Amino acid sequence: MKRLLVSELKDHIGEEVRVRGVVDTVRDQGKIIFLIVRDKSGKVQTLVWGGEDKTLLEKVKRITSESVVDITGKLKEAKQVEQGFEIEINEIKVDSLAQSPLPIVIEEEHHDNTTALDRRLDYRWIDLRSKKNSLMMSVATLMTAKLREYCLVNDLIEIQGPRIISAASEGGANVFEVKYFDKKAYLAQSPQFHKQMGIAAGLERVFNVGPVFRAEKSFTTRHLTEYTSFDVEIGYIDSYEDICEFEEGMLRYMLEAVKEKYGEEIKKIFDIEIKIPKDSFPRITVKDAKEKLAKAGIKSKDEGDFSPEEERKISEIVEKETGSEFLFMIDYPHKQRAFYHMKNPNNPELALGFDLFWKGIEITTGAQREHRLENIIENAKERDITEESLKDYFDYFRYGCPPHGGFAIGTERLLMKMLGYGSILETTYLPNTPNRLGKLINKN
RNA sequence: GGAGUGGUAGCUCAAUUGGUUAGAGCAUCUCACUGUCACUGAGAAGGUUGCGGGUUCGAGUCCCGUCCAUUCCGCCA
């Protein structure tokens with residue numbers, strides 16, 4: 001018999017059905033046992049009665065919660081059950097008996113002793129069984145699919161830059177070194193240079209989705225040593241404004257789809273309203289932002305950048321003023337940005353780039369890139385990067401390269417803000433951090 | 001890397017100024033229960049108090065070291 005999903009059962013009342021799933025709850029009443037069975041689509045009550053033949057009852061008595069079962073039985077109308085129906089078990093096969101107790105308590109509404117995050121992550125496969133986490137995984141899937149779809153609709157070419165590279169792309173200190181036969185190699189911190197190669201290759205508009213690696217000992221709620229970067233690079237732009245507009249469109253497209261499919265569930269489970277941005281996001285210069293922050297009594301440590309406190313506060317201020325959860329921060333000092341950002345010709349002290357803030361944190365850095373060979377070499381020199389060290393990269397600009405710009409989104413961060421999580425570890429399937437490679441390392 | 005807070009049962013947490021046998025809820029196990037729905041009731045089991053050292057008649061509690069977690073900062077997406 002073919003397996004039915006719990007969500008399909010309502011059309012089969014009165015029939016013999018087969019469900020497969022996990023035992024959510026066991027309620028043993030002695031001569032009647034209720035098993036609540038869960039699959040990806042929902043939960044259903046099943047039951048077994050004690051009759052003449054006790055073998056089925058005795059078999060069910062031994063089943064622990066979280067065990068995997070294969071049940072066939074009659075789907076009956078049952079007024080006393082909220083759902084209106086239940087399955088009277090004829091046959092039950094235990095595909096996998098779960099050891100008990102579980103090492104962690106799965107996060108559910110009625111559990112007030114949910115296990116601490118670091119331990120839940122050690123048993124992530126059990127942790128992910130919660131309703132909240134399974135919704136998170138579904139939203140993550142749709143989110144990435146829609147970002148990607150937006151790129152396809154707009155005729156971008158997908159590239160897959162290499163993850164093992166011979167030279168660091170963003171400065172040398174924070175790269176992971178790996179052995180490459182008898183040579184040293186590095187894990188890519190960013191597909192930046194390879195995206196730009198795509199522009200020089202005449203692909204005109206490219207995107208790259210995949211893991212990037214940062215050897216930073218960052219102990220925060222928003223850093224990973226390995227994360228998924230959604231990278232876009234677009235040629236023949238007039239300004240970084242074109243990039244901002246593309247990103248606005250992309251995020252709106254994604255948010256609309258997520259809201260349509262999961263908006264109600266997200267509201268119910270996360271108590272988060274997905275807001276679709278109506279107009280273009282506000283642009284605010286670093287200078288203006290600093291003034292607003294000063295007015296709000298926030299001290300600035302660095303005139304060219306924002307502390308986390310400042311990021312939170314400026315988001316709050318701008319949202320209050322404009323109603324927008326998003327804001328583009330522009331006019332950063334060039335010397336505090338990457339060397340490949342283009343300088344503003346009207347004021348070479350400033351970069352033609354931006355950061356995108358969402359609900360208090362930075363989710364994107366973008367810019368118009370410097371595509372003129374002389375200028376980019378000059379920019380590099382200002383940061384003591386020698387021409388020889390990035391010769392292969394500089395060559396991309398030697399044989400004809402269109403003006404271009406792009407941005408990168410940290411997808412785990414995006415999801416974290418979308419669902420209102422307090423930590424990026426929650427929105428990463430199996431997070432790697434300085435002290436965690438899948439599991440905790442160095443733990444006593 | 002810096003600063004703060006913390007580490008006690010499978011899980012979440014208590015434990016008075018340093019004082020008798022380290023407690024509770026949930027989970028687990030046993031028994032009872034034919035309509036539960038966070039089942040209920042009765043009972044049981046469960047501990048090298050992160051690890052190492054020190055002070056003391058006596059340490060979960062105080063001191064030193066160390067590891068880990070966590071929050072914030074720095075760095076960033």
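Everything quoted here is computed from the prediction, not taken from an experiment. By convention in this document, chain letters (A, B, ...) are assigned in the order of the sequence lines, proteins followed by strands, and residues within each chain are numbered from 1.
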A:Q196, A:R205, A:R369 screened by side chain to side chain donor-acceptor pair (under 3.5 Å) with A:E233, the one that passes: A:R369

Spacing of the P atoms in B:rG41 and B:rU36 (rounded, Å): 14 Å

Sugar-phosphate, base or nothing in reach of A:I363, heavy atoms under 4.0 Å: sugar-phosphate

Nearest-angstrom distance from the residue atom NZ of A:K217 to P of B:rC76: 18 Å

Sugar-phosphate, base or nothing in reach of A:S65, heavy atoms under 4.0 Å: nothing

side-chain N/O A:R222 vs B:rA77 OP1/OP2, d < 4.0 Å: no

Rounded distance in Å - CD (A:Q80) to C1' (B:rG35): 6 Å

Parallel, tilted or perpendicular: rings of A:F357 and A:F306 (30°, 60°): perpendicular

Residue met sooner reading RNA chain B from 5', once A:V26 and A:D305 are mapped to nucleotides: A:V26

Value in whole Å for how far the P atom of B:rU70 lies from CG of A:L425: 7 Å

Presence of donor-acceptor pair under 3.5 Å, side chain of A:Q45 and base of B:rU36: yes

Gap between atom OG1 of A:T433 and atom CZ of A:R214 - 0.5 Å precision: 16.0 Å

Span that lies between the C1' atom of B:rG47 and that of B:rA9, in whole angstrom: 6 Å

Atom-to-atom span, CD of A:E109 to P of B:rU12 - whole angstrom: 20 Å

Nearest-Å distance for atom pair CG/P, residues A:N113 and B:rA24: 16 Å

B:rG53 versus B:rU48 - spacing of their C1' atoms, nearest Å: 16 Å

Polar side-chain atom of A:R413 near backbone of A:I424 as donor-acceptor pair, under 3.5 Å: no

Any strand: nucleotide that pairs with B:rA59 via Watson-Crick or wobble, under 3.5 Å: none

Nearest-neighbour nucleotide for the A:T115 side chain, B:rC33, B:rC76, B:rC11 considered: B:rC11

Over-ring placement of A:R337 relative to A:Y332, 6.0 Å and 45° cut-offs: yes

Residue closer to the 5' end of RNA chain B, A:P308 versus A:I104 (nearest nucleotide): A:I104

Gap between atoms CZ and C1', on A:R436 and B:rU70 respectively (whole Å): 12 Å

Side-chain donor/acceptor of A:H111 to base of B:rC26, under 3.5 Å: no

Nearest-neighbour nucleotide for the A:A116 side chain, B:rC76, B:rA69, B:rU12 considered: B:rU12

Touch class at under 4.0 angstrom, heavy-atom based, for A:I33 against every strand present: nothing

Sugar-phosphate only, base, or nothing, as touched by A:D355 at under 4.0 Å among non-hydrogen atoms: nothing

Selection from B:rU34, B:rU12, B:rC75 that lies nearest to any side-chain heavy atom of A:I32: B:rU34

Complementary nucleotide for B:rU40 - Watson-Crick or wobble, under 3.5 Å: B:rA32

Spacing of the P atoms in B:rU61 and B:rG74 (rounded, Å): 35 Å

Sugar-phosphate, base or nothing in reach of A:V212, heavy atoms under 4.0 Å: nothing

Who pairs with B:rA14 - Watson-Crick or G-U, where each distance is under 3.5 Å: none

Sugar-phosphate, base or nothing in reach of A:S218, heavy atoms under 4.0 Å: base

Interatomic distance where CZ belongs to A:R27 and P belongs to B:rA27 [whole Å]: 12 Å

A:D118 side chain, from C-beta outward: closest of B:rC33, B:rU70, B:rC75: B:rU70

Parallel, tilted or perpendicular: rings of A:Y150 and A:F246 (30°, 60°): perpendicular

Watson-Crick or G-U counterpart of B:rC51, or none if no pair lies under 3.5 Å: B:rG65

Sugar-phosphate only, base, or nothing, as touched by A:F230 at under 4.0 Å among non-hydrogen atoms: nothing

Opposite nucleotide pairing with B:rU21, Watson-Crick or G-U, both atom distances under 3.5 Å: none

A:S100 side chain near B:rU28 phosphate (N/O to OP1/OP2, under 4.0 Å): no

Complementary nucleotide of B:rC75, counting Watson-Crick and G-U pairs under 3.5 Å: none

Touch class at under 4.0 angstrom, heavy-atom based, for A:T411 against every strand present: nothing

A:F193 ring center near A:Y393 ring center (under 6.0 Å): yes

Euclidean distance for P, B:rC63 against B:rU56 (whole angstrom): 16 Å

Under-4.0 Å side-chain N/O to phosphate OP1/OP2 contact, A:N174 with B:rC75: no

A:F34 aromatic ring stacked with six-membered ring of B:rG35, 5.5 Å and 30°: no

Main-chain N/O of A:G360 paired with A:S315 side-chain donor or acceptor, under 3.5 Å: yes

Touch class at under 4.0 angstrom, heavy-atom based, for A:E311 against every strand present: base

B:rC73 phosphate, OP1 or OP2, under 4.0 Å from A:R312 side-chain N/O: yes

Distance between C1' atoms of B:rA3 and B:rG10 (Å, rounded): 34 Å

Sugar-phosphate, base or nothing in reach of A:E309, heavy atoms under 4.0 Å: sugar-phosphate

Separation between the P atoms of B:rG60 and B:rC33, rounded to whole Å: 45 Å

Atom P, compared across B:rG23 and B:rA45: separation rounded to whole Å: 13 Å

Which nucleotide in B:rC76, B:rG10, B:rG35 has an atom nearest any side-chain atom of A:P101: B:rG10

Sugar-phosphate, base or nothing in reach of A:E86, heavy atoms under 4.0 Å: base

Protein-nucleotide distance (A:E66, atom CD; B:rU28, atom C1'), rounded to Å: 15 Å

Atom pair CD/CZ of A:E241 and A:F354 - distance to nearest 0.5 Å: 9.0 Å

